[in-house]
Amino acid sequence: MFQFAKAPTYLLLSALLSTSLPAIANNASSLPDIGTTAASTLTIDKEIEYGEMYMRIMRASRPIINDPVLSEYIQDLGHKLVANADGVKTPFDFFLIKNYEINAFALFGGNIGVHSGLFLHAKTESELASVIAHEIAHVTQRHLARTLEDQAKKNPATMAAMLGSLLLVIAAPEAGIAALHATTAISIQGMLNHTRSNEKEADRIGISTLAKAGFNPQAMPHFFERLAEQYRYTTKLPPMLLSHPLPESRITDSRLRANNYSVVRLPPSEHYLLAKSRMVARYVGFSQTSALNWFNTELKKAPANQHKELNYGKSLVYIDKGQYVKAQQLLLPLLTAEPNNLFYIDAATDLNLYKKQYDKAITRLENALQYQPESSVLQLNLANALLEAKRYQQSINILTRYSYQQPNDINGWALLAQNYAKQNKRDGELAAMGELAALRAQWGLAISNYTQAAQRAKLGSLDQARYDARLDQLRLQQAKFEALRSSF
């Protein structure tokens, strides 16, 4: 179907960043003992360190979607797959990027990114899950580490150069491409051929994971076939097809592999359709008018049992346009039918806050938390509602606990900073902003903010001691981060 010519240097970099260079065998029993294969170059612990470093750079340089509802959805979906994957040796974290291209990628340490554009092209949750399962396989099989080891045997400088190039690509793509081109003396075509072979292996393991998790294993070849047909005659391929080549042999292989499993006929996933509607309303680059047109078109051709998810998306557009009456007309029957649905609760809370109905929003959220106390969506919504209602200390109490449990969630720290600012507690605001800076590897700013916070705190107070202790931690983190970067 696709015939790929020799690829330019940027394609190798795309493959490295976007696929983590896959390599998987037919089934778990036939897998080699890859735990030692990459051990001479990168240990699991070192991969996790690199993953953390790359993620800090990603937060500073890429449009990560910090939407609690969508984040909770993609985390739930990803971890359902991880629970059914073999050879899991790292923690996993799934995140979304506001990018209209079709793509997903795996970084070191179990960090998997999904582009918002993928939601427009995946027709079912099983298709979306098939892409994520493929990326999980890259991580569990340590493909990037194994490829780097192979190249390091040929050229001792290769691994450091490629690790540095990956970091540069995340922070500044053109610089990374230049660095890779200048510092690696490897065969580009040879690396790409290896990548294509490994892609097939990743598909096999991904399909196995898909089936174990209860999804339709046929979703992967179906998605591949549709993408291949859609872009058969185009000269400009989407990043996913640049970094995940789709020759006919790979499509055939995935189809044969999926045929080894029973066909699973699943009803449409309500949560997936709601997540897709939320993406269309806010994160795929549509104007509000275009989004409404999309929903209206889909409503004409969608079966009646999928209208509620589309109407939810329309309600979000109306909320964003300030047309609250239209939004409420669509949202109220949805919330009445499913009062514990997090998508609807979040939208209703937004609507209440815009209409300054603070008590109504707070009561709904407090009631919902009795049934879902661990939900990040409900905790953050309640904290935000309390902030809008000027009940700052109550909001701070929630956010302090939340940020302790979810220290990498930017939302918690941002809301804390806003609460402290409203109370004119400059030291608390500076500390929260320091955490935001640290999450983006802006170490100088983080240390400066905490230094100022410590200076403003009451001498000898618990807050001052806490700020000083955090300063020590940040300096150690900065030193470790810089040492890791300098190793390239």
Q) Between Asn419 and Leu415, is there a donor-acceptor pair closer than 3.5 Å when you use the side chain of the first and the backbone of the second? A) yes
Q. Salt bridge check: are Lys425 and Glu429 linked by an N-O gap of less than 4.0 Å?
A. no
Q.
I want to check something: taking the side chain as every heavy atom from C-beta on, are Val317 and Phe286 in contact at a cut-off of under 4.5 Å?
A. no
(Q) If we ignore hydrogens and angles and just use 3.5 Å, is the side chain of Gln372 paired with the main-chain N or O of Asn340 as donor and acceptor? (A) yes
**Q.** Working for side-chain contact (heavy atoms from CB on, under 4.5 Å), residues Asn103 and Ile97
**A.** CA-CA 10 Å; Asn103 208 3; Ile97 290 184; over 6 Å; no
Q) Between Lys308 and Glu338, is the closest basic N to carboxylate O distance under 4.0 Å? A) yes
Q.
Whether the side chain of Thr400 engages the backbone of Asn397 through a donor-acceptor N/O pair (distance < 3.5 Å, no angle test) should be reported.
A. no
Q. Just checking, is any N or O donor in the side chain of Tyr73 or Glu125 under 3.5 Å from an acceptor N or O on the other one?
A. yes
Q) Going through the distances and angles, do Leu335 and Arg364 end up as a side-chain contact (heavy atoms from CB on, under 4.5 Å)? A) CA-CA 11 Å; Leu335 188 63; Arg364 178 189 299 111; 3.6 Å; yes
Q) Nearest heavy-atom pair of Ala446 and Ala438: which atoms, and what distance? A) CB-N, 3.8 Å
Q: Indicate the ring-plane relationship of Phe119 and Tyr272, choosing parallel, tilted or perpendicular according to the 30° and 60° boundaries.
A: parallel
Q | Residue pairs passing the salt bridge (Lys or Arg N to Asp or Glu O under 4.0 Å) test where at least one lies in residues 448-462, sequence neighbours excluded | A | none
Q: Indicate the atoms forming the closest heavy-atom contact of Ala85 with Ile136, along with that distance.
A: CB-CG2, 4.1 Å
Q) Short question: side chain of Ser277, backbone of Glu309 - any donor-acceptor pair under 3.5 Å? A) yes
Q: Start with the C-alpha gap between Phe223 and His121, add the side-chain angles, then the distance that decides, and say whether ring-ring contact (aromatic ring centres under 6.0 Å, His included) holds.
A: CA-CA 9 Å; Phe223 188 53; His121 291 80; 7.8 Å; no
Q: Verify, without hydrogens or angle tests, whether Trp413 (side chain) and Pro407 (backbone) share a donor-acceptor contact under 3.5 angstrom.
A: yes
Q. Side chains of Asn216 and Thr124: does their closest heavy-atom pair fall under 4.5 Å?
A. no
Q: Verify whether the ring centers belonging to His138 and Phe105 lie closer than 6.0 Å.
A: no
Q: Kindly give the heavy-atom pair with the smallest separation between Ala327 and Ser315, and that separation in Å.
A: CB-O, 3.6 Å
(Q) For Tyr283, is there any backbone N or O sitting under 3.5 Å from a side-chain donor or acceptor partner on Ser116? (A) yes
Q: Test Asn381 against Asp346 for side-chain hydrogen bond (donor to acceptor under 3.5 Å, both in side chains), laying out the working first.
A: CA-CA 7 Å; Asn381 265 286; Asp346 175 87; 2.9 Å; yes
Q: Measure across Ala431 and Ala453 and return the closest heavy-atom pair with its distance rounded to 0.1 Å.
A: N-CB, 4.2 Å
Q | Arg391 backbone acceptor or donor facing Ser395 side chain under 3.5 Å | A | no
Q: May I have all residue pairs that pass salt bridge (Lys or Arg N to Asp or Glu O under 4.0 Å) and include part of residues 460-470, sequence neighbours excluded?
A: Glu435-Arg470, Asp463-Arg466
Q. Within a strict 4.5 Å, meaning less than it, do heavy atoms of the Tyr312 and Leu273 side chains meet?
A. no
Q: Go through Asp93 and Gln75 one step at a time and tell me if the side-chain hydrogen bond (donor to acceptor under 3.5 Å, both in side chains) criterion holds.
A: CA-CA 7 Å; Asp93 185 61; Gln75 291 282 4; 2.7 Å; yes
**Q.** Asp472 (side chain) donor-acceptor with Ala469 (main chain) under 3.5 angstrom
**A.** no
Q. What heavy-atom pair brings Ala129 and Leu81 nearest, and what distance separates the two atoms?
A. O-CD1, 3.6 Å
Q) How about Lys422: does its NZ atom have over 12 heavy atoms from other parts shown lying under 6.0 Å from it? A) no
Q) So, does Ser448 use its side chain to make a donor-acceptor pair with the main chain of Gly444 at under 3.5 Å? A) no
Q | Under 3.5 Å: donor-acceptor pair, side chain of Gln464, backbone of Gly460 | A | yes
**Q.** Qualifying residue for side chain to side chain contact (heavy atoms under 4.5 Å, CB included) with Gln423, from Gln418, Gln393, Lys390
**A.** Gln393
Q: Show your reasoning for whether side-chain contact (heavy atoms from CB on, under 4.5 Å) applies to Leu107 and Met58.
A: CA-CA 10 Å; Leu107 295 173; Met58 286 280 290; 4.1 Å; yes
